[in-house]
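Report on the following structure.
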There are 2 protein chains.
Amino acid sequence: MQNLSTQLKKAFDAYFEAPIEAWEEFAAHCEPMIHRKDEVLKKQGNSEKYFYFIEKGSVGVFLWKENNFVCLDFAFDGQFCCDYMSVLTEEPNDLELVALETTKVHRMTVENFRKLGDKSIGQILMRKSAESSFVDKQKQQIDLLTKSSEERYRELCQRFPKVELRVAQKHIASYLGITPQSLSRLRRKHA
Amino acid sequence: MQNLSTQLKKAFDAYFEAPIEAWEEFAAHCEPMIHRKDEVLKKQGNSEKYFYFIEKGSVGVFLWKENNFVCLDFAFDGQFCCDYMSVLTEEPNDLELVALETTKVHRMTVENFRKLGDKSIGQILMRKSAESSFVDKQKQQIDLLTKSSEERYRELCQRFPKVELRVAQKHIASYLGITPQSLSRLRRKHA
DNA sequence: AGAAAAAATTACCCTATGGTAAAGTTTTTT
DNA sequence: AAAAAACTTTACCATAGGGTAATTTTTTCT
């Protein structure tokens, strides 16, 4: 468990710049959990029950659209994830979280996460959490509006090395906003 | 000034669900200001100096890309806006805020906004602010990934009635992620 | 008001991506 | 190990949107 603390602390430092008490409080309420590939951590249409820290593995955030799914986000080792919109609005939401490989997480109930938010130290945690989530989303929007799918693919591969090996092409394609066929073409061209 | 209070309060209620003390504190530090069309409220590469509440008019958030600009966001009457990424990171940022028509704002220095954030009431304000900004961005990302430019255009027109009359087509086009020529075609088709 | 500048529209052709289908590959199931 | 299912690649054609340029309309400047 000491190992988690080290890694969790590192994630906090990179992500939040929150005071040390905040992550201690957070860590104290975490429960370890293992999810196999394709296991659904949060189902579309439900309210989010947990806030996750990924120790090892990866999780995809999906939106089901007609018969297809669109991948809105990936989260890998050392990152946090959840259907944050559901947490914030306290309502059911259509995002679906799925393990993309065997994944070890530490999760905290949203109930506890919210209770944390009532304390002043948690207030800061919640704020930092929302702020960094916003910055990430803003970057994604900028990429979608200003970069070609080829650029976006190359940057994704840089940001998450080996992502092509760990995550199905179809998920990467939908994340980029293109079809698997188009991604396949891109890959062939610049292989 | 009573008028502002009413409208500002309304904006808070719609946006933040923050306690009444938060917006009173906010309103107390605001300074009224009028910007003419095309006036730059925040220049690319600078740090954000103000946090704005728009009483009447509109502001565009732009990112300059090569010789062009891309519109990332619009803000109209009763909304807040700023280069939020710069405020959060406390660093210079490339977004540029421009008045799209004659616009009356009430602005607060980021310095004061941050000081507010140190009080517990401001902590909540900052958190709510980040949270609602995140939700907005998430929605934008979803639209970009799941909807056609035609759908996005129609929804933009619904969300901000008369937007086609108040804002230049080229800005709307870049917000949608297409060229003015393509937007022109769309408009002709469904006029 | 008239001239100049900027923006919007239209047109033409071109390219990136979509849709469908089929072939090849990998993974899962039995 | 064989069969089935799922995924990836390839191919072919269709289409939305881009690039350039010319024309018209609107806005700005003098």
Side-chain angles (χ1 to χ4, degrees), chain A residues 35-40 57-58 60 62 64-71 74 98-103 143-157 162-191, chain B residues 35-40 57-58 60 62 64-71 74 98-103 143-157 162-191:
Chain A
H35 296 280
R36 311 210 159 270
K37 184 178 178 188
D38 294 327
E39 220 175 296
V40 174
S58 52
F62 295 95
W64 296 84
K65 164 83 178 173
E66 279 138 41
N67 304 327
N68 284 299
F69 39 72
V70 175
C71 182
F74 297 113
V98 183
L100 302 174
E101 52 194 331
T102 300
T103 299
D143 286 350
L144 282 169
L145 284 174
T146 66
K147 292 172 183 165
S148 69
S149 45
E150 194 174 339
E151 279 180 287
R152 295 205 299 282
Y153 178 60
R154 273 198 255 106
E155 286 173 20
L156 180 70
C157 291
K162 311 277 180 191
V163 65
E164 337 85 83
L165 304 175
R166 293 171 65 179
V167 175
Q169 309 286 27
K170 59 177 184 172
H171 296 151
I172 296 178
S174 76
Y175 177 87
L176 297 173
I178 58 179
T179 57
Q181 290 90 325
S182 294
L183 175 56
S184 181
R185 266 181 304 220
L186 283 187
R187 285 160 55 80
R188 176 170 38 149
K189 205 169 59 174
H190 204 75
Chain B
H35 295 281
R36 310 210 159 271
K37 186 179 177 186
D38 293 327
E39 220 175 295
V40 174
S58 52
F62 295 96
W64 296 83
K65 165 82 178 175
E66 280 137 42
N67 305 326
N68 284 299
F69 40 71
V70 175
C71 182
F74 297 113
V98 182
L100 302 175
E101 53 194 330
T102 300
T103 298
D143 286 351
L144 282 170
L145 284 174
T146 64
K147 292 172 182 164
S148 68
S149 44
E150 195 175 338
E151 278 180 287
R152 295 204 300 281
Y153 178 60
R154 272 198 255 108
E155 286 174 18
L156 180 70
C157 291
K162 311 275 181 195
V163 65
E164 337 84 85
L165 304 175
R166 294 171 64 179
V167 175
Q169 308 285 33
K170 59 178 182 169
H171 296 152
I172 295 179
S174 77
Y175 177 87
L176 297 174
I178 59 178
T179 57
Q181 290 90 325
S182 294
L183 176 56
S184 181
R185 266 182 304 218
L186 282 187
R187 284 161 56 80
R188 177 171 36 147
K189 205 170 57 174
H190 205 74

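As the structure is a computational prediction, the values presented were derived from the model and not from experiment. Naming: A, B, ... by sequence-line order, numbering from 1 per chain.
- Exactly one of B/Val70, B/Leu183, B/Leu156 qualifies for a side-chain contact (heavy atoms from CB on, under 4.5 Å) with B/Tyr175. That residue is B/Leu156.
- Nearest approach of A/Arg36 to A/Glu39, heavy atoms of both residues: N-OE1, 2.8 Å.
- Using cut-offs of 30° and 60° on the angle between ring planes, the pair A/Phe69 and A/His171 is perpendicular.
- Taking the side chain as every heavy atom from C-beta outward, B/Asn68 and B/Ser174 never approach each other to under 4.5 Å.
- Distance check, rounded to the nearest 0.5 Å: CZ of B/Arg166 to OG1 of B/Thr103 gives 8.0 Å.
- Remark: B/Glu150 engages B/Lys189 in a salt bridge, criterion side-chain N to carboxylate O under 4.0 Å.
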Exercise. Mark up nucleotides 3-22 of chain D, 5' to 3', with B wherever a protein heavy atom is under 4.0 angstrom from a base atom, S wherever such an atom reaches only the sugar-phosphate, and - elsewhere.
Key: ----SSSBSB----BB-BB-
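- Atom CZ of B/Arg187 is separated from atom CD of B/Gln169 by 4.0 Å, given to the nearest 0.5 angstrom.
- Rotation axes derived from the C1' atoms of the five outermost pairs at either end of the helix from C/dA1-D/dT30 to C/dT30-D/dA1 lie 60° apart, to the nearest 10°.
- Scanning all heavy atoms of the two residues, the minimum distance from A/Leu100 to A/Val167 falls at CD1-CG2, 3.9 Å.
- Taking OG1 of B/Thr102 as the start and CG of B/Asp38 as the end, the distance is 9.5 Å to the nearest 0.5 Å.
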For nucleotides 26-30 of chain D, list the nitrogen or oxygen atoms of the protein found under 3.5 Å from its nitrogen or oxygen atoms, one pair per line.
none

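- Between the side chains of B/Arg185 and B/Ser182, at least one donor-acceptor pair of N or O atoms lies under 3.5 Å.
- For the pair A/Asn68 CG and C/dG18 C1', the interatomic distance rounds to 12 Å; values are reported in whole Å.
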